[in-house]
Amino acid sequence: MSKSSRWDSKDNESENLPIYQHKARLIRAVKGSTFLVVTGETGSGKTTQLPQYLHQAGFWKDGKIGITQPRRVAAITVAQRVAQEMQCALGREVGYQVRFDDCTSQDTVVKYMTDGCLLREILADPGLSQYSVVILDEVHERSLNTDILLGLLKKTFSNPDKSTKSRSGPLRVVVMSATLETDKLSAFLGSCPVFTIPGRTFPVTCKFGFAVGPKDTESSSYVKEVVKVALDVHTSEKAGDILVFLTGQSEIERACDMLYEKAESIDYRYDVEDQTVEGLLILPLYGSMPTDQQRQIFQAPPPGIRKCVVATNIAATSLTINGIKYIVDSGFVKQLNHNSRVGMDILEVVPISKSEAQQRAGRAGRTSAGKCFRIYTKEFWEKCMPEYTVPEIQRTSLTAVILTLKCLGVHDVIRFPYLDRPEERFILEALKQLYQCDAIDRRGRVTPLGELMVEFPLHPGLTRALLKAAALGCEDLLLPVAAMLSVENIFIRPGHPERQKEADKRHRQLAAMAGSNNDFGTLLSVFQRCKTSENPSSWCKDNWVHWRALKSAFSVETQLREILLRLQQKRDFPTETFNGDKSELFRRCLCSGYFTNVARRSVGKVFCTMDGHGSMVHIHPSSSLFEQEAELDWVIFHDVMVTSRVYIRTVCPIRYEWVKDLLPKLHEVDVYELSSVARQEVTEEEVAKWETREAAKRPTEVSVEEVI
Ligand code: CDP
Ligand code: MG
């Protein structure tokens, strides 16, 4: 095929999208008002086409056209696609930016990015002076950062006269959503106009299964069942591609392995109903997959071959795959939820909402009638699935965003314009955490430390530890750790039992070689050994370590180092000294960030957390300390995992003396006292009054027993 005919076919493709007929009216609508809500079925062309229309209309002359996505994979793959359609190299006119990966240049005028990235840009430039249009996409997903952006843009640009002087012309804000909440969005944005792109959809028949009832939540059962159903579809249904919805990377890989194995034994002469079907192409799709593999997902399979994509929720609305006729729905999703039992955010597998299930089913009806096979029972639908998904802002920790808001001068974080208000106790909890790690003071104002912390796209505790290390001149110990904790899991755990034993043995050796007897130390050692080895990729292979993850960790480390260097050049960067051995120094730095995650041995193998929740926890079997619990009394940990038990992961033994002075801070402030601070900056007198009262209440020396 010649180059020009290839592009011709691309053009036809985009001209066939429902959005195409509305091009001129859409451009006029964007020009006509500060805020505009655009809605249309998934796959109608909103994400890939609207930015191109605005580009053609010349918006780029006044500033960049920015489009946010809640998911990094969507930002990357969509930018790739649009660069291809606009016939430019990715990173030139069309680029993307996601955390730790900036693929833009001076020429970039159409910029796809994650919502978190735009939030960071607002920190540096609240008037968004480089943009002529900002498009918040996938607003119906209600991600935490998109919700905050909505509030911020409303606050800043609702009043065109007042809105920031740094801009030459007006900013246009487009809010795109695939579902119905458009009235609510329009009302929120001062009754702004709504543009609806009429969609064409075809009927999808849904069937409930028998496998998952109200009591089944074990992942092994639903993985097996989706594999079985997908194979049934493959052998008994007419040609057409299959999309399977599962929960996460490991479940998807497991399902794909099972599918490969079973598909091998199909005899296409006898076993399949539709004789035009001659093979099965199995493709996984999840967030941390390499992008070149993701691209395959969108390509049409060879003739006679049925494509079966096994995906996370990413394929529900963010990415549209053409040719899907059958859906297999597991009924579950992996979701970050605040767990009040342990007082932390935890990734959990939970039933999807009914609206989510309808969205999933709808993916089969884009181009012709389709079928959706739900593996769960009608009873599960009725009893276990909520009507709607709760917005992230109402179910996860707000610590990082509240610090961002405060740094943007939004002091009244309770009366901030939220589309859906988080519970006040979540806001207060975030303020408490920020106060505990010295990011804000008692008046609720951001401290110099807080101003440094907000610059790092990391968990506040980890940032605090890193900054402590930097102050002590030993950032080389913490930067690699922070990088390793920011990438996907680096240790490979193969499914095959023999190979799993071999991998576990290797990982134990790695921990022993680190010599530090703590999991953070192992991460540091793996990073350093791999980096200095002659052939890093084969080193990884020998040690059952993901080379791809380590490569990202190297790049993340460099980027964190750059941020740190930039901040260190500011004169007010703190410095401290310490006399002691390196291992102690390392662990003390960790303590300064992770003192909120301290656990003390209670009885036998059970530990008890010190944060006021007093949860009973166990060390996770993946930890190098799993078998050495006998010698441990006090530990800190990076995160927790909840199954039938609460496990702590990435663990480090510490001495009580190192956290002794920090722990009282966990109990010092009553969250309700913070509520006045949350609403506004309190006056000096009020603080003085409060402090006297606090001092009277508080014993001067807090003993361990009291802390427990
Ligand atoms: O945003 P919306 O859901 O309205 O649609 P879109 O993402 O712009 O998708 C429009 C079309 O582009 C669909 O047919 C997708 O399959 C296609 N597309 C693609 O082929 N490759 C991508 N990386 C992204 C979209
Ligand atoms: Mg879209």
Side-chain angles (χ1 to χ4, degrees), residues 10-57 59 65-71 74-75 77-79 81-82 85-86 110 112 133-142 146 150 153 172-189 191-204 298 314-324 355-356 358-370 419:
K10 279 263 136 44
D11 281 342
N12 288 338
E13 218 176 283
S14 59
E15 286 175 13
N16 282 334
L17 290 169
I19 197 172
Y20 183 70
Q21 298 161 28
H22 308 280
K23 183 170 169 178
R25 278 206 305 133
L26 257 171
I27 295 170
R28 273 203 303 280
V30 175
K31 283 187 177 159
S33 115
T34 303
F35 294 103
L36 175 71
V37 173
V38 174
T39 175
E41 285 291 335
T42 311
S44 52
K46 300 182 297 298
T47 310
T48 52
Q49 306 305 310
L50 181 62
Q52 295 188 62
Y53 298 168
L54 298 179
H55 180 260
Q56 286 160 20
F59 272 86
I65 299 159
I67 312 96
T68 67
Q69 295 289 322
R71 299 164 191 271
T77 51
V78 170
R81 166 76 178 197
V82 173
E85 286 185 19
M86 285 175 60
V110 176
Y112 287 88
V133 195
V134 163
I135 304 175
L136 300 187
D137 199 1
E138 300 280 302
V139 172
H140 59 270
E141 283 231 353
R142 304 299 310 275
T146 294
L150 262 179
L153 294 177
R172 296 289 178 236
V173 177
V174 182
V175 171
M176 301 209 286
S177 167
T179 47
L180 304 167
E181 279 193 305
T182 46
D183 290 346
K184 182 171 166 184
L185 279 171
S186 161
F188 181 74
L189 297 168
S191 306
C192 74
V194 176
F195 197 110
T196 307
I197 302 159
R200 300 173 296 214
T201 47
F202 296 84
V204 177
F298 297 100
I314 191 159
T317 62
S318 316
L319 298 177
T320 296
I321 306 159
N322 295 328
I324 300 293
S355 67
E356 185 65 56
Q358 271 151 354
Q359 180 67 44
R360 286 183 176 186
R363 313 314 293 124
R366 263 191 78 227
T367 41
S368 62
L419 183 58

Worksheet entry | Phe298 CZ: over 12 foreign heavy atoms closer than 6.0 Å | yes
Worksheet entry | Residue from Met176, Lys46, Gln21, Glu41 passing side chain to side chain contact (heavy atoms under 4.5 Å, CB included) with Ile197 | Lys46
Worksheet item: Taking all atoms of both residues into account, what is the closest heavy-atom pair of Pro70 and Thr146, and its distance?
Response: CG-OG1, 4.4 Å
Worksheet entry | Arg142 and Glu181 ion-paired at < 4.0 Å | yes
Worksheet item: Where do Ile135 and Leu54 land on the side-chain contact (heavy atoms from CB on, under 4.5 Å) test, with the steps shown first?
Response: CA-CA 11 Å; Ile135 304 175; Leu54 298 179; 4.1 Å; yes
Discussion item. For a quick test of reading the model, state the closest non-hydrogen atom pair linking Thr48 to Gln52 and the distance between them.
Written reply: O-NE2, 2.9 Å
Worksheet item: Got a second to check how far Glu15's CD is from Glu13's CD, nearest 0.5 Å?
Response: 11.0 Å
Worksheet item: What's the spacing between Thr367 OG1 and Asn16 CG if we round to 0.5 Å?
Response: 12.0 Å
Worksheet item: Quick one: CD on Gln359 to NE2 on His140, what's the gap to the nearest 0.5 Å?
Response: 6.0 Å
Practice prompt. Please name the pair of heavy atoms, one in Arg363 and one in Ala315, separated by the smallest distance, quoted to 0.1 Å.
Written response: NE-O, 3.6 Å
Discussion item. Working note: Glu138 + Thr317, criterion side chain to side chain donor-acceptor pair (under 3.5 Å); need CA distance, chi angles, decisive distance, verdict.
Written reply: CA-CA 8 Å; Glu138 300 280 302; Thr317 62; 2.8 Å; yes
Item to complete: Start with the C-alpha distance between Val30 and Tyr53, add both sets of side-chain angles, then the distance that settles side-chain contact (heavy atoms from CB on, under 4.5 Å), and finish with yes or no.
Response: CA-CA 11 Å; Val30 175; Tyr53 298 168; over 6 Å; no
Worksheet item: Can you find a heavy atom in the side chain of Thr39 that is under 4.5 Å from one in the side chain of Val194?
Response: yes
